[in-house]
Peer 1: 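The structure that follows is given in the form of structure tokens.
When a ligand or atom number is given, it counts from 1 through the structure's own listing order. Throughout, numbering of the chain's residues begins at 1 and tracks the sequence. On a predicted model such as this, the values are computed, not experimentally measured, just so you know.
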Amino acid sequence: MQDCIFCRIVAGQLPAARILETPKILAFLDIAPVHYGHTLVIPKAHHQNLLDLPDGLWEEIGHVCRRVAQAIQLNLKAQGFNIGMNNFAAAGQEVFHAHVHVIPRYSGDGLKLFPQGSYKPGDLEKTAAQLRQAL
Ligand code: AMP
Ligand code: ZN
């Protein structure tokens with residue numbers, strides 16, 4: 001897609017700090033990192049989000065994410081990492097070419113990703129039933 005910045009990175013029309021490439025996947029540094037080494041793992045083909053990805057490709061993305069995470073632990077001395085993916089605008093997706101964030105983490109770095117709440121009485125089972133119905 002010509003107007004997609006990640007497709008343009010794949011095509012070499014925009015610069016990126018590439019760290020790993022396979023025939024179908026590209027990993028490069030996020031330009032605005034949470035911590036140094038924050039990486040984006042993308043399919044080279046344009047798919048908008050997780051639900052658009054063929055199963056095999058999703059598995060390959062997962063495999064590359066794990067390799068990147070290992071490199072982050074080993075050479076950047078991260079003590080942990082988060083894997084994250086924003087899907088659709090409501091979830092904060094800004095670039096509509098599927099991508100997985102691999103984010104280095106350090107003890108005491110103070111990041112809190114998701115504020116958590118609680119279920120009203122009865123709603124936990126009700127919600128589980130709603131989901132089971134679709135699965
Ligand atoms: P998301 O909110 O998951 O869609 O995040 C998109 C990510 O892409 C953000 O973390 C941006 O910092 C990152 N990003 C946007 N443009 C570029 C670029 N040209 N090179 C590298 N990362 C980028
Ligand atoms: Zn694209």
Peer 1: Identify the protein heavy atom lying closest to atom 4 (O) of ligand 1, giving its residue, its atom name and the separation to 0.1 Å.
Peer 2: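 Protein heavy atom with the smallest distance to atom 4 (O) of ligand 1: Glu94 N, 2.7 Å.
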Peer 1: So which heavy atom in the protein is nearest atom 19 (N) of ligand 1, and how far is it from that ligand atom?
Peer 2: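 Looking only at protein heavy atoms, the one closest to atom 19 (N) of ligand 1 is Ile9 CD1, 3.9 Å.
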Peer 1: One pair to check against side-chain contact (heavy atoms from CB on, under 4.5 Å): Leu40 and His101. What are the steps and the verdict?
Peer 2: CA-CA 5 Å; Leu40 301 176; His101 296 255; 3.4 Å; yes
Peer 1: If the contact criterion is a heavy-atom separation under 4.0 Å, does Phe28 count as touching ligand 1?
Peer 2: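 Right, Phe28 reaches ligand 1.
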Peer 1: How large, to 10°, is the angle at the Zn ion (ligand 2) when you draw lines to SG on Cys4 and to ND1 on His46?
Peer 2: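 Output for this angle: 110°, rounded to tens.
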Peer 1: Using a 3.5 Å distance criterion without hydrogens, assess whether the side chain of Gln93 forms a donor-acceptor pair with backbone atoms of Gln48.
Peer 2: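 Present.
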Peer 1: Show which atoms of ligand 1 fall inside a sub-4.0 Å distance from at least one heavy-atom site of Ala32.
Peer 2: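 Those qualifying, in numeric order: 12 (O).
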Peer 1: Can you tell me which N/O/S atom of His97 has the shortest distance to the Zn ion (ligand 2)?
Peer 2: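 The atom in question is ND1.
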Peer 1: Answer yes or no: does atom CZ of Arg18 have more than 12 heavy-atom neighbours from other residues, nucleotides or ligands under 6.0 Å?
Peer 2: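 Correct, the count exceeds 12.
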Peer 1: Short list, please: which atoms of ligand 1 are under 4.0 Å from a heavy atom of Gly92?
Peer 2: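 The atoms of ligand 1 under 4.0 Å from a heavy atom of Gly92 are 1 (P), 2 (O).
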Peer 1: Say whether, by atom type as modelled, one donor and one acceptor occur between the side chain of His99 and the main chain of Asn86 under 3.5 angstrom.
Peer 2: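 No; judged by distance alone, with no hydrogens or angles, the pair does not exist.
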Peer 1: Which atoms of ligand 1 have any heavy atom of Leu29 under 4.0 Å away?
Peer 2: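 Near Leu29, the atoms of ligand 1 are 21 (C).
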Peer 1: Measuring to the Zn ion (ligand 2), does Cys7 have an N/O/S atom at a distance below 2.8 Å?
Peer 2: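 So Cys7 counts as coordinating the Zn ion (ligand 2), yes.
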Peer 1: For the residue pair Ala27 and Val41, what are the closest heavy atoms and their distance?
Peer 2: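 Looks like CB-CG2, 4.1 Å.
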Peer 1: Which one holds for Met85 and ligand 1: side chain close, backbone close, both close, or neither close, with close meaning a heavy atom under 4.0 Å?
Peer 2: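 Neither; nothing of Met85 gets under 4.0 Å from ligand 1.
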Peer 1: Quick one: look at Leu40 and ligand 1, take heavy-atom pairs under 4.0 Å, and tell me if it's side chain, backbone, both or neither.
Peer 2: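 The answer is the side chain.
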Peer 1: Write out the residue and atom name of the closest protein heavy atom to atom 15 (C) of ligand 1, then the distance separating them to 0.1 Å.
Peer 2: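 In this structure, atom 15 (C) of ligand 1 has Ile5 CD1, 4.0 Å as its nearest protein heavy atom.
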Peer 1: For Asp123, does the CG atom have more than 12 heavy-atom neighbours from other residues, nucleotides or ligands under 6.0 Å away?
Peer 2: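 Enclosed: over 12 neighbouring heavy atoms sit under 6.0 Å from CG of Asp123.
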Peer 1: Just to confirm my output: which protein heavy-atom neighbour is closest to atom 11 (C) of ligand 1, and how far is it?
Peer 2: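 Closest protein heavy atom to atom 11 (C) of ligand 1: Asp30 OD1, 3.4 Å.
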Peer 1: Does atom CD of Gln13 have more than 12 heavy-atom neighbours, drawn from other residues, nucleotides or ligands, at distances under 6.0 Å?
Peer 2: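 Correct, the count exceeds 12.
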Peer 1: Could you tell me the residue and atom name of the protein heavy atom closest to atom 22 (N) of ligand 1, and the distance to it rounded to 0.1 Å?
Peer 2: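 Looking only at protein heavy atoms, the one closest to atom 22 (N) of ligand 1 is Ile31 N, 3.1 Å.
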Peer 1: Name the orientation class of the two ring planes belonging to Phe6 and Phe28 (parallel below 30°, tilted from 30 to 60°, perpendicular beyond 60°).
Peer 2: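 Phe6 and Phe28: perpendicular rings.
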Peer 1: Would one find more than 12 heavy atoms of other residues, nucleotides or ligands at under 6.0 Å from atom CZ of Arg67?
Peer 2: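 No - once you tally the heavy atoms of other residues, nucleotides and ligands closer than 6.0 Å, there are 12 at most.
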Peer 1: Under 4.0 Å from any heavy atom of Asn86, which atoms of ligand 1 are there?
Peer 2: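 Near Asn86, the atoms of ligand 1 are 1 (P), 2 (O), 3 (O).
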Peer 1: Checking a contact table here: which protein heavy atom is nearest atom 5 (O) of ligand 1, and how many Å away?
Peer 2: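 Answer for atom 5 (O) of ligand 1: His99 NE2, 3.3 Å.
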Peer 1: Show the numbers, then the answer: is there a side-chain contact (heavy atoms from CB on, under 4.5 Å) between Leu20 and Ile25?
Peer 2: CA-CA 8 Å; Leu20 177 65; Ile25 311 289; over 6 Å; no
Peer 1: Going by the order shown, which atoms of ligand 1 are within less than 4.0 Å of some heavy atom of Phe6?
Peer 2: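 What qualifies from ligand 1 is 8 (O).
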Peer 1: Hydrophobic clusters here meaning ILVMFWY residues chained together by side-chain heavy-atom distances under 4.5 Å, can you tell me if Ile19 and Val10 are in one?
Peer 2: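 In one cluster with Ile19: Val10, no.
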Peer 1: Against heavy atoms of His101, which atoms of ligand 1 measure under 4.0 Å?
Peer 2: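 Heavy-atom distances to His101 below 4.0 Å select 1 (P), 3 (O), 5 (O), 10 (O).
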